[in-house]
There are 2 protein chains.
Amino acid sequence: MSRDRRNGAPAYKKIQALILKRIEGGQLKPGDAVGSERELAKIHRVSPMTARHALACLEREGVVDRRRGAGTFVAPPKIHFNKLMSFTEQLAGRGLTGSSRMLSYALVDDEPEIAARLALPAGSRLLKIQRLRFGGDEAFAVETVYLSADFSGLTRARLERGSLFSVLEHQYGVTLAHADEEIDATIAEAKTASLLSIPYGAPLLRIRQVIFSTTGGPTLFVLGLYRSDRHTLLIRRFR
Amino acid sequence: MSRDRRNGAPAYKKIQALILKRIEGGQLKPGDAVGSERELAKIHRVSPMTARHALACLEREGVVDRRRGAGTFVAPPKIHFNKLMSFTEQLAGRGLTGSSRMLSYALVDDEPEIAARLALPAGSRLLKIQRLRFGGDEAFAVETVYLSADFSGLTRARLERGSLFSVLEHQYGVTLAHADEEIDATIAEAKTASLLSIPYGAPLLRIRQVIFSTTGGPTLFVLGLYRSDRHTLLIRRFR
DNA sequence: AAGTGGTCTAGACCACGGC
DNA sequence: CCGTGGTCTAGACCACTTC
C-alpha cells in the first residue's frame with residue numbers, strides 16, 4: 001500500500017486521535033484493552049511499526065499502559081501533577097467554582113525587577129492587575145499579575161468575563177508552555193489579612209511564577225499569596 | 001546482519017550509552033552534533049530505525065535536541081526541575097555542604113495516619129527519625145521521617161555517616177522512583193523556633209512527602225519544616 | 001543540492017504473560 | 001500454548017534547513 005495520507009495528519013496521529021475519541025466518549029474506560037499493535041495495524045491498514053509508534057507515544061503521554069505479554073490498556077485517570085493551570089482550572093479540579101474581584105488595574109513603569117523577569121528593559125511599561133480570588137464564596141488568594149503593556153487591550157471588562165489564560169490564548173494567539181515557580185512562606189500583613197479575612201500574622205503560601213509562552217519568551221509574572229488553610233500545593237518529583 | 005546482541009543490552013541502548021559517555025567525558029559539549037541517524041546506523045552496523053529510536057529516546061529524556069533538516073545536538077545542561085533529591089544533593093546544587101543533627105530516633109506504633117500513608121496497617125511499627133538539617137552552619141529545617149520498622153537496621157551511626165537515600169539504595173536495594181508532596185505554610189511554634197533560631201511565629205514552609213520506590217509502594221513519609229527565609233522551592237509546571 | 005529528521009513499509013525473532 | 005509488547009531489519013519518500 002502506497003504512502004497515503006488522505007488528509008494532512010500522519011497515520012499514527014490519526015490512530016491516536018481515534019483512541020482518544022473513544023476514551024473521551026466513554027466507549028473505552030480505564031483498564032479496557034485498546035487493541036494490540038497487530039490488530040490496530042490491520043484495522044488502519046498500516047504497518048505494525050506505525051501502529052506501535054501510535055501506542056508508544058500514547059503510553060509516554062500517560063494515556064495508556066502497556067504490559068508485555070498482556071496488552072495495551074486505557075490508563076487510570078491520572079491526577080494532573082505539575083500542570084500549569086489557570087486559577088479557574090485548578091478550582092474546577094477540586095469541584096469548586098472560581099471567581100475574582102479586580103482590586104486594581106494600572107499601567108506602571110517603575111518595576112525594573114519585574115521587567116527584568118519578563119526580559120524587558122528596565123522602565124518598560126507594564127500592565128499590573130491585582131485580583132482577589134474566590135473559591136466558592138471564600139477568599140482564597142490575592143494575585144498580582146504583570147505583563148507587557150502590549151497586552152493593554154486586555155480591558156477590565158474582558159478579564160472579568162473570561163480567564164486571563166483563555167483571553168491570552170484566544171485573543172492574542174499566545175500559547176503558554178510552562179512556568180517556573182518560586183515558593184516560600186510568609187505572613188499576612190494588615191491589608192492582605194483583611195482582604196482574605198484572616199488574622200494579621202497568619203501564614204501564607206507565596207508563589208512567584210514566571211510563565212513562558214511557546215515562542216520561548218517569559219510573558220507573565222504572577223505573584224500569588226494563598227491562604228495556607230485553604231490551599232495546599234501538590235507536586236510530584238521524580239528521581 | 002543477523003540480530004546479534006553480544007551482551008544483554010538492546011542495540012539502541014548501547015548507542016545511547018556511548019553518546020552519554022561521550023557527553024559525560026566532555027568530548028561532546030552542548031550544541032555539538034552527535035551524528036545523524038544514518039551515520040550512527042552505519043557506525044553501529046544497525047538499521048536506521050534502530051539508530052533513530054536511540055536518538056528519539058535521548059531527546060525525550062532531554063539529553064539531545066533534534067532539529068529537522070539540521071541534525072541532532074547535545075542539549076544545553078538543564079536545571080533539574082522537579083527532581084527528587086536528598087537534602088545533601090539539594091544543597092550541593094546550591095554550593096553548600098549539608099549536615100544533620102539527630103534529634104530523636106525511635107520505634108513508634110501509634111501513628112495510624114502515617115502508617116496509612118505508607119500503605120501499612122494501623123498500629124504498624126514505624127521507625128521515626130527526627131533530624132535538624134544544616135546548610136553550612138545554619139539550621140535550615142527540621143525533618144521527621146517515618147518508614148517501616150523493617151528498616152530498623154538503619155542504625156543511628158549509619159545515618160550520621162551517609163544520607164538516608166544512599167543507605168536505602170545501597171544497603172536495602174530500594175530504588176526511589178518519585179515523591180508526591182503537599183506544600184503549605186505554617187508558623188513556627190516554640191520548640192521549632194528555638195531549634196531553627198528564628199522568632200516564635202515566623203513563617204515556615206511545610207512539606208509533607210510520600211516517597212515511592214520503583215517497586216511501586218510508598219516507602220518513606222517525610223514531614224519537613226523549612227525556614228522560609230533560607231529556603232525557596234523551585235518548581236516547573238507544564239501546560 | 002545535499003543532508004537531516006519525520007514518517008512509513010512489511011515483515012522478523014525474542015521474552016514474557018495468561019491460560 | 002498463543003498472543004502480547006520489545007527490539008530490529010533494510011530500505012523508502014517527504015518536508016525541512018543549511019549552504
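Residue numbers start from 1 in every chain, and the chains themselves are labelled A, B, ... in the order their sequence lines are given, proteins ahead of strands. The shown structure was predicted, so the numbers you read here are calculated from the model rather than taken from an experiment. Just so it is clear, the values below take in all heavy atoms, side chains as well, and ignore hydrogens, waters and symmetry mates.
Listed nucleotides D:dG6, D:dG11, C:dC8 differ in distance to A:Tyr12; the shortest reach to its side chain belongs to C:dC8.
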Side chains of residues 114-128 of chain A: which donor-acceptor pairs under 3.5 Å do they make with residues two or more places apart or in other chains?
residue  : atom : partner  : partner atom : Å
A:Arg117 : NH1  : A:Glu182 : OE2          : 2.8
A:Arg117 : NH2  : A:Glu182 : OE2          : 3.3
A:Ser124 : OG   : A:Pro121 : O            : 2.5

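With the end axes of the helix from C:dA1-D:dT18 to C:dG18-D:dC1 each set by five pairs, the angle from one to the other reads 10° at 10° resolution.
Across B:Lys29 and B:Val74, no two heavy atoms sit closer than the pair O-CB, 3.4 Å.
Taking NE2 of A:His44 as the reference point, atom OG1 of A:Thr50 lies at 11.5 Å (rounded to 0.5 Å).
For A:His80, the ring pair (Phe, Tyr, Trp, His ring centres under 6.0 Å) test picks out no residue, with sequence neighbours left out. When the side chain to side chain contact (heavy atoms under 4.5 Å, CB included) test is applied to A:Phe212, the partners found at least two apart in sequence or on another chain are A:His178, A:Asp180, A:Val210, A:Pro218.
Applying a 4.0 Å cut-off to non-hydrogen atoms, the residues of residues 28-38 of chain B that approach DNA chain C are B:Ser36, B:Glu37, B:Arg38, listed by residue number. Heavy-atom distances under 4.0 Å link DNA chain D to A:Arg52 of residues 50-62 of chain A, given in residue order.
Under the 3.5 Å distance criterion, with hydrogens and angles disregarded, no donor-acceptor pair is assigned to the side chains of A:Ser163 and A:Thr88.
If you measure from atom CZ of A:Arg67 to atom C1' of D:dG5, you get 11 Å, rounded to the nearest angstrom.
Other residues, nucleotides and ligands place no more than 12 heavy atoms under 6.0 Å from the CD atom of A:Glu113.
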